[in-house]
Number of protein chains: 2
Amino acid sequence: MSETKEKIVSLADKLIREKGFNAFSYKDISEPLQVKNAAVHYHFPTKMDLGIEVVEQELRLLSLNAEKWKKLPEDGQLLKFFGVFRKHCNNGNVCLMGSLAPDYETLSPAMREKVHEMASVIVEWMTSCLEQGRKHKRFHFKGSAGDRALLVISNLQSSLLLSRVLGPSAFTRISRQLLEDLGA
Amino acid sequence: MSETKEKIVSLADKLIREKGFNAFSYKDISEPLQVKNAAVHYHFPTKMDLGIEVVEQELRLLSLNAEKWKKLPEDGQLLKFFGVFRKHCNNGNVCLMGSLAPDYETLSPAMREKVHEMASVIVEWMTSCLEQGRKHKRFHFKGSAGDRALLVISNLQSSLLLSRVLGPSAFTRISRQLLEDLGA
DNA sequence: GTCTATATTCCGATAGAC
DNA sequence: GTCTATCGGAATATAGAC
């Protein structure tokens, strides 16, 4: 992937988190990169093509992190996962799912499919992390690991949304209580 | 408030939940109501004015519900609150906060202030409900009622977002586990 | 691979008649 | 209170030169 193309994807990712997919334009990308709007269209013919690439990049990052964290105990893995969200919170940004889910109905079928894949991958990773962690006595919780994974993910997602509106303490309070609940 | 004005607000509310604030246009409102785009501008000069009215309507509804539920025990009040979200889920819609929070940075200061007020009111209501409920032995949970309220609200919010992407079972699983955790 | 230039469409918003 | 008509601008996107 060319350097310009990488910069475009990286900036689009930032804009989606900051303003939402439907609120940013090609101009928001071409101007800071000091290229013309047509140059962005060369790399990504339509806005949905660009959106799909952003989600695919996130999928690659998730896979990379999962691999990198494999050697850690499950509570350590979970802390790393929380750390990713804390970083977003400190930047005042929301997560990709939290930004794209409300816009889901306005996305192309191909991009919807990618967002669906992203959600599935995250839920599967979290489910496995909690399941293994409970088996190794590093987590303690009631109910199925799948249901618990949904709860944890939804808490992290919304903690960033609430932090936008109520200030960053929302993330701190939610994540701390969440870890305490899991006995981690 | 005139009948037309009420219909505009009601439709705008629906559109914000369905497509997001930045993805709907005055045309999406004027066409179904069979009036001209200028008629909408007469009632709400700018889009932000319309958005503010939608949030204010939601605030009035919250206040009305809180009053209506006052006679119920706290677990009954919580179930009513969950019921509101279940209804949105069945309609395939997200909640107002879940839709507007990602767009927060693109809103006018006046509208941001309204969204902030809405978030505060919801958190305060939930905090009080959990606090009183615990005192009356109807809920059992660790930590402060305020932190727990943030967790419950973020779970409900994101359960609708996840249901968009993963199907309505996400809401069912999250809300059931949530009630179980509270011992309600 | 990036440019200039432009097509097309749609948007939010306003002026002024009725 | 709703209309017609229109403005000014911005959006996505394309054609074709370099």
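A note on names: the letters A, B, ... follow the listed sequences, proteins ahead of strands, and every chain is numbered from 1. These numbers were taken from a predicted model, which means no experiment stands behind them.
Distance CG (Leu33(B)) to C1' (dC3(D)): 16 Å, rounded to an integer number of Å. We find that CD of Gln34(B) is positioned 15 Å from C1' of dC3(D), with the value rounded to whole Å. Between Asn22(A) atom CG and dC11(C) atom P the separation is 12 Å, expressed in whole Å. When the P atom of dC11(C) is taken as reference, atom CG of Asp28(B) falls 7 Å away, rounded to whole Å. The distance between atom CD1 of Ile29(A) and atom P of dA11(D), rounded to the nearest whole Å, is 12 Å.
Side chain of Lys36(B), nearest nucleotide from dG12(C), dC3(D), dT12(D): dC3(D). Checked against dT12(D), dG12(C), dT2(C), the side chain of Asn37(B) finds its nearest nucleotide in dG12(C).
A side chain to side chain donor-acceptor pair (under 3.5 Å) check over residues 100-120 of chain B, counting only residues at least two apart or in different chains, returns the pairs Asn22(B)-Thr106(B), Glu56(B)-Lys114(B), Lys114(B)-Glu117(B). Among pairs with a residue in residues 36-53 of chain A, those fulfilling salt bridge (Lys or Arg N to Asp or Glu O under 4.0 Å) read Glu53(A)-Arg60(A), at least two apart in sequence or across chains.
The backbone N or O of Val123(A) sits less than 3.5 Å from a side-chain atom of Thr127(A), completing a donor-acceptor pair.
When the side-chain nitrogen and oxygen atoms of Tyr26(A) are compared with OP1 and OP2 of dA11(D), none of them lie within a distance under 4.0 Å. At least one side-chain nitrogen or oxygen of Ser25(A) sits closer than 4.0 Å to the OP1 or OP2 atom of dA11(D).
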Indicate every side-chain donor-acceptor pair of residues 91-101 of chain A with a distance under 3.5 Å to a residue at least two apart or in another chain.
{"unit_1": "Asn91(A)", "atom_1": "ND2", "unit_2": "Lys87(A)", "atom_2": "O", "d": "3.4"}
{"unit_1": "Ser99(A)", "atom_1": "OG", "unit_2": "Ile16(A)", "atom_2": "O", "d": "2.8"}

Without placing hydrogens or testing angles, list every side-chain donor-acceptor pair under 3.5 Å for residues 177-184 of chain A, not counting sequence neighbours.
{"unit_1": "Gln177(A)", "atom_1": "NE2", "unit_2": "Asp181(A)", "atom_2": "OD1", "d": "3.1"}
{"unit_1": "Asp181(A)", "atom_1": "OD1", "unit_2": "Arg148(B)", "atom_2": "NH2", "d": "3.1"}
{"unit_1": "Asp181(A)", "atom_1": "OD2", "unit_2": "Arg148(B)", "atom_2": "NH1", "d": "2.7"}
{"unit_1": "Asp181(A)", "atom_1": "OD2", "unit_2": "Arg148(B)", "atom_2": "NH2", "d": "3.4"}

At a cut-off of 3.5 Å, list every protein nitrogen or oxygen paired with a nitrogen or oxygen from nucleotides 16-18 of chain C, distance to 0.1 Å.
none

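Note on Glu131(B) versus Lys135(B): no salt bridge recorded, every NZ/NE/NH1/NH2 to OD/OE distance being 4.0 Å or above.
Not counting sequence neighbours, the partners of Asp13(A) by the side chain to side chain donor-acceptor pair (under 3.5 Å) test are Arg17(A). Among residues two or more places apart in sequence or in another chain, the side chain to side chain donor-acceptor pair (under 3.5 Å) test is passed with His136(B) by Glu74(B). Legend: residues meeting ring-ring contact (aromatic ring centres under 6.0 Å, His included) with Phe171(B), ordered by chain and number and at least two apart, are absent. With sequence neighbours left out, His43(B) forms a side chain to side chain contact (heavy atoms under 4.5 Å, CB included) with Ser2(B), Thr4(B), Lys5(B), Ile8(B). For Phe85(B), the ring-ring contact (aromatic ring centres under 6.0 Å, His included) partners two or more places apart in sequence, or in a different chain, are Phe81(B).
In the region residues 3-15 of chain B, proximity to DNA chain C at under 4.0 angstrom, judged on heavy atoms, holds for none of the residues. At a non-hydrogen distance threshold of 4.0 Å, Tyr42(A), His43(A) from residues 41-48 of chain A come into contact with DNA chain C.
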